[in-house]
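By convention in this document, chain letters (A, B, ...) are assigned in the order of the sequence lines, proteins followed by strands, and residues within each chain are numbered from 1. Treat the numbers as computed from the prediction; the structure is a model and nothing was measured.
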Amino acid sequence: MTALVAARPGVANPWVAFLARRLGRLLLSLAVLVTLAFGMIHLIPGDPVRAALGVTAPLELVDARREALGLNDPLATQFVDYVRALFSGDLGISMSSGVPVSETIGQRLPATASLAIAAFVVVMLVAVPLGLGMAVLTRGGRRRGTELGFTSTSAVVAAIPEFLLAVGLVFVFGVTLGWFPVAGRGGASSYVLPVLALSLGPALLLARMVRVEALAVLDEDFVRTARAKRLPQLRVYLRHVFPNALTSTLTIGGLLLSGMIVGTVLVENVFAWPGMGMTIVSSILAKDYPVVQGIVLVYGAAVLLVNLVVDVLLAVADPRSTIREG
Amino acid sequence: MRELSFEGTTVRFGTGRSALTAVDGVDLVVPQGQVVGLVGESGSGKSTLAKAAVGLAPTSGGEIRLDGVPLRSRRDRRKLQLVFQDPHASLDPRMTIGESIAEALPGRRRHAARSAEVARLLELVGLDPARARSLPSGMSGGQRQRVALARALAAEPEVVLADEITSALDVSVQGSVLNLVRDLQRELGLTILFISHNLSVVRYVSDVIAVMYLGRIVEAGPADAVLSAPKHPYTRTLLDAAPAFGVALDDPVPADDARLDTEAPSPHDPPQGCRFHRRCPIGPLTRPERTICAETDPQPGAADRPHRAACHFAAEILEVPAR
Amino acid sequence: MGREQWKAALRHPVGAVAAALLVALALLAVVAPMLWGDAAEETDPAALSQGSTSEHLLGTDALGRDILLRVLVATRYSLGLALLATAICVVIGVLLGVLPAVLGRRAGRLVTAAVNLAVAFPGLLLALFFAVIFGVGARGAVLAIGLAGAPSFARLVQTNVAAVAGRDYVAAARVAGVGRFRLIARHLLPNIGEPLVVNATVLAGGALLAFAGLSFLGLGVQPPAYDWGRLLGEGLDRIYINPAAALAPGVAVVVAGLAFTLLGESIAQVVGVRAVRRRRVPAAEPAPLVAAEPAAAAVLAADDLRVGFPAPGGGWTHPVDGVGLTVRRGETVGIVGESGSGKSLTALAVAQLVPDAAQVTAGRLEVAGVAPLGRADAEVRELLGTKVAMVFQDPMTSFNPSMRVGRQLAEVTRVHERQGKRAALARAVDRLRTVRVPAPERRAHQYPHEFSGGMRQRAMIAMGLMSTPELIIADEPTTALDVTVQRQVLRLLKDVQAETGAAVVLISHDIAVVAQLCERVVVMYAGRVVEELPVDRLGAAAHPYTRALLASVPDLATDRDRPLATIPGRPPDPSDRPEGCAFAPRCEFADDACRMRPSLSAVAADQRAACWHPRTRPLDLTLDAVTGGQA
């Protein structure tokens with residue numbers, strides 16, 4: 001209906017309204033995230049400090065530590081203090097090492113971020129051309145063999161979790177062939193296996209989605225219109241099919257990126273990669289709750305940020321989306 | 001069967017920029033035992049009015065009464081039954097048609113009594129009672145629409161609202177469903193609000209015709225009078241546009257005037273004054289002196305004009321040339 | 001989901017393998033701990049951390065326990081924990097998912113918002129969060145994985161519930177007075193069952209993998225208990241000494257996870273739309289490069305045009321089954337028929353735009369002097385170029401939503417006449433003005449969704465006018481439009497036809513619309529032409545079907561006191577047409593002669609009908625209308 005979209009004078013720029021609404025949602029999500037991170041330590045049954053220090057720790061030590069963490073204050077006071085500290089960049093102090101959590105994260109974050117971003121770039125570079133190409137090759141039930149081969153291979157590989165893929169890669173390329181280092185972060189070659197382990201599954205998954213989406217777009221009326229205009233095939237695919245398959249590609253791409261950010265936890269543990277994933281696992285095992293809290297916050301905020309970027313990109317890519325929200 | 005009346009019924013959707021008044025202060029009476037045909041184009045709010053009556057759309061103003069008593073509870077509303085446009089969507093694919101019909105039967109009954117009633121209803125709409133055990137998937141659109149009618153009748157309604165019930169059907173089936181509606185109405189003395197965008201279809205079944213434009217009833221009256229001597233220029237435009245044999249496209253009609261807007265205005269932002277004025281063949285765009293149309297809403301005085309027409313110039317002769 | 005569909009899922013090769021694997025795993029889970037439970041605990045101090053030997057096929061762990069046995073025995077624990085987590089996830093997910101439908105509007109929206117917020121976070125992050133709260137160990141991990149998966153499952157349920165709740169049959173049940181809980185039990189849940197079963201299966205696979213992940217990190221199963229993830233973590237430390245210790249549990253996890261996932265996906269494939277199988281078709285008879293008999297007067301000539309689709313049971317069905325059609329230059333021809341008559345597919349076949357799976361054959365097909373059959377796509381594109389313009393039924397979906405209207409028009413000129421951007425756009429604006437789109441300069445820069453239906457249909461016609469078409473095919477161009485707009489679009493088509501001299505083929509289910517615009521009417525039924533006649537002879541229609549169509553549609557002059565004429569029965573399915581005359585089963589005049597297929601033969605000067613018993617009496621009822629009788 002035109003009515004829904006006719007530009008009306010006197011209405012504020014829809015972009016401003018959209019961004020304001022979207023930022024509002026981000027702030028709300030962040031608030032929930034912070035509350036949950038704060039609440040985590042209080043939801044643990046029993047005394048977290050006692051649990052962390054062990055049953056043999058002397059009572060005075062436990063009390064002193066409780067006092068230092070502010071756990072003896074009323075809950076509301078603790079929350080206010082926690083939020084206030086957050087704003088000044090203070091994420092607390094590690095219970096086991098005594099190092100400020102923000103410092104630990106500052107050291108570990110680059111390793112994790114570089115891994116996730118590299119993997120994301122690989123995913124996009126592989127998945128989009130592969131998915132589009134497969135859609136074009138297998139449109140309208142053509143090349144059943146190719147289709148079956150692609151769908152089953154990609155289904156199998158995409159179903160293998162990244163840490164198992166990592167183990168397999170370590171065995172083949174590290175242990176057997178010895179081409180790449182299997183642990184630690186060093187030069188470019190140290191990135192090959194972790195990035196591969198992290199990106200292979202998502203790449204194939206996304207390629208499948210791109211293919212399905214492109215096939216759906218190929219069935220749309222406007223593609224028939226483009227064919228009726230007797231446009232060259234390549235133009236039909238690039239101008240009429242791809243831009244309209246982009247929306248879902250972006251949506252899924254965003255989800256995959258969030259998944260990959262957190263997926264680094266497992267991959268880092270396989271490759272002894274000195275990132276946040278290694279740290280959060282060892283901290284959970286050591287019951288070093290301030291560190292866990294801090295890292296959960298960082299992961300969560302990263303995910304929310306990715307979602308925001310995806311939504312903005314979607315709004316840019318699809319001329320209808322801002323209006324649809326309004 | 002009793003009288004259904006809408007009094008200042010208003011339905012609003014959304015807020016702020018996207019707010020939309022789909023139905024705007026509609027007054028309409030569906031008298032007992034009569035068929036009132038409600039005609040209008042897409043976006044006119046005719047379906048929303050029916051949905052509001054049965055409680056599927058929220059009213060934000062006015063009353064809907066049955067015999068003068070406002071409909072409030074769901075129990076009240078069961079006395080109104082709606083038949084939907086798309087018979088492929090309105091039957092649960094997982095329930096046999098017997099179950100679908102039985103579900104609408106009021107009160108608790110024994111199994112045998114229910115089956116007997118279902119069989120009676122199926123026969124009433126011209127279907128083999130043995131069909132009760134089949135799923136809707138094997139049935140044609142016309143047969144499904146008969147089932148939908150049977151389900152509506154099962155609830156023992158006071159008023160039946162038929163919302164575009166033939167527009168999803170093939171032309172060769174449409175006739176038989178229209179005949180069925182007419183026969184049922186005569187046999188059972190049903191009170192029906194019959195909604196359609198097709199003037200010819202509405203004309204065939206209705207005693208009274210009401211014309212809706214942008215959320216408002218712009219003209220209502222006895223079917224013959226409205227069609228032969230329309231008082232609102234929009235009704236005239238609709239009549240002129242209806243395709244008919246022997247009427248050539250190049251025979252100009254008033255609404256073909258190039259000075260008029262070719263597009264309907266946005267329902268989010270209806271024009272000031274008369275809502276039809278920018279498309280009106282006898283309005284300010286063809287007769288510049290008629291500034292009143294662009295300034296004053298003709299709705300308030302409608303009740304006093306012939307056919308309750310929402311037009312400042314309703315008294316003007318707008319006869320349709322004989323076809 | 002019906003039994004048939006389960007069977008079909010199992011017949012699918014992937015589905016069969018996955019199901020067999022699951023059965024094997026289930027057996028192993030029951031049997032392995034009983035057979036080898038104790039042996040797997042036995043430490044062999046003589047064989048610590050060994051590689052593969054004849055005694056220990058996959059080697060031993062640090063305490064000298066047999067890896068193979070431990071992997072086999074761990075099946076029960078691994079599967080059991082995964083299923084437990086899945087169960088938690090499904091129960092909470094369904095509850096959260098159905099809750100909005102049970103609660104009122106406002107409370108429901110709150111639940112939905114909470115679920116949406118939780119879904120934004122990846123499952124693993126949630127699992128880590130819950131693992132902290134519930135503590136390290138098997139119990140904590142089950143709860144963590146179950147709760148972490150619940151939001152996305154809840155969202156799935158919500159989307160499905162919302163989709164079903166929007167259907168008319170649910171609205172109908174509400175109007176009929178069906179209560180909220182009965183509505184959920186009878187209408188909502190049964191109709192979302194299939195996708196939920198499928199997703200729960202996939203979810204079980206995911207839970208298995210997630211559990212392995214947690215155990216591998218040391219957050220799941222704690223010693224002395226062990227599952228595959230635990231074994232994997234222990235094995236990875238010694239991957240240089242004995243790779244099998246890491247690979248064996250890894251393979252077990254992958255195989256079990258895949259079994260669940262693939263079973264789910266193959267069920268989904270069976271439940272969903274099955275891809276049309278493309279079959280090798282008998283090669284089309286090579287069309288002569290130059291038309292054998294160049295019909296200068298005809299812009300379209302088709303003989304025995306057939307469009308076939310592969311049938312589900314094998315063979316081909318022909319929705320268009322031997323259509324003959326001739327359109328002279330500058331002529332306006334209407335094709336009338338009900339849905340399923342093959343009228344639209346005929347038009348697409350003529351324009352070489354049929355779906356990929358379809359096969360077009362014809363005794364002869366010539367469009368604008370081109371014989372397209374048997375030629376490569378690129379060649380047809382080159383030859384036809386802009387000679388045939390199309391106007392489609394649904395103007396809402398027939399424009400590319402992500403491209404400005406002006407550019408979509410200009411594209412034609414840019415590609416076919418190699419004009420520059422600016423010149424092409426200028427022409428687009430000019431053509432938009434020709435079809436009377438107001439403010440064409442501004443409109444050209446808008447996206448299709450900013451146009452109303454009528455304006456879009458005008459723009460579609462303008463697109464056809466970007467060069468000079470010889471034939472304009474309009475397939476139900478006004479069906480999606482309001483009646484006042486319909487008149488405008490039809491008038492526009494008429495003007496365009498008069499100005500360009502192009503021939504027009506108008507396809508419609510509405511014989512009155514066709515009669516308004518066209519000189520000649522072609523009536524189609526069940527994939528064939530049953531009658532063709534000049535518009536002014538409609539009152540003397542000879543085929544019973546044409547006559548019934550004319551009589552069954554009310555117009556503004558129909559006698560309201562008489563029942564409408566009706567046609568009993570329904571059109572035949574293309575895969576199951578009667579022999580002989582396809583209309584015979586619904587025809588009151590049918591007799592034995594109708595078992596033979598009638599061919600089109602002349603009943604009057606310009607009129608041909610495919611009927612053994614053509615009617616000669618003028619139509620009494622419709623005649624009034626056709627000749628403009630008084631109301």
Proximal component of [X], with respect to chain C [non-hydrogen, under 4.5 Å]:
X	value
L249(B)	both
L105(B)	neither
Q174(B)	side chain
S167(B)	neither
R78(B)	both
V253(B)	both
Y204(B)	both

Show me the side-chain donor-acceptor pairs of residues 165-176 of chain C shorter than 3.5 Å, one per line, residues at least two apart or across chains.
from: Y169(C); atom 1: OH; to: N191(C); atom 2: ND2; distance (Å): 3.2

Counting heavy-atom pairs under 4.5 Å with chain C, which one of [options] comes out on top?
options	value
P93(B), A155(B), G55(B)	P93(B)
R151(B), H197(B), M95(B)	M95(B)
S176(B), S42(B), A104(B)	S42(B)

Most contacts with chain B, counted as non-hydrogen pairs under 4.5 angstrom, among I511(C), L481(C), D510(C): I511(C)

Among R186(C), Q486(C), R458(C), which has the most heavy-atom pairs under 4.5 Å with chain B? R186(C)

Ignoring hydrogens and angles, state whether a donor on the side chain of D555(C) or T558(C) is under 3.5 Å from an acceptor on the partner side chain. yes

Could you check whether H187(C) and E103(B), counting side-chain N and O atoms only, form a donor-acceptor pair closer than 3.5 Å? yes

One should read off an interatomic distance between L506(C) CG and I335(C) CD1, to the nearest 0.5 angstrom, of 9.0 Å

Considering all heavy atoms of both residues, which atom of L196(C) and which atom of N160(C) are nearest to each other, and what is their separation? CD2-ND2, 4.4 Å

Might you point out which heavy atoms bring P438(C) and R443(C) nearest each other, and give the distance in Å?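 So the minimum-distance heavy-atom pair works out to O-CG, 3.2 Å.
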
Is any side-chain N of the basic residue among E476(C) and K343(C) closer than 4.0 Å to the acidic one's carboxylate O? yes

Could you tell me whether D257(B) and R259(B) make a salt bridge, using a distance below 4.0 angstrom between a side-chain N and a carboxylate O? yes

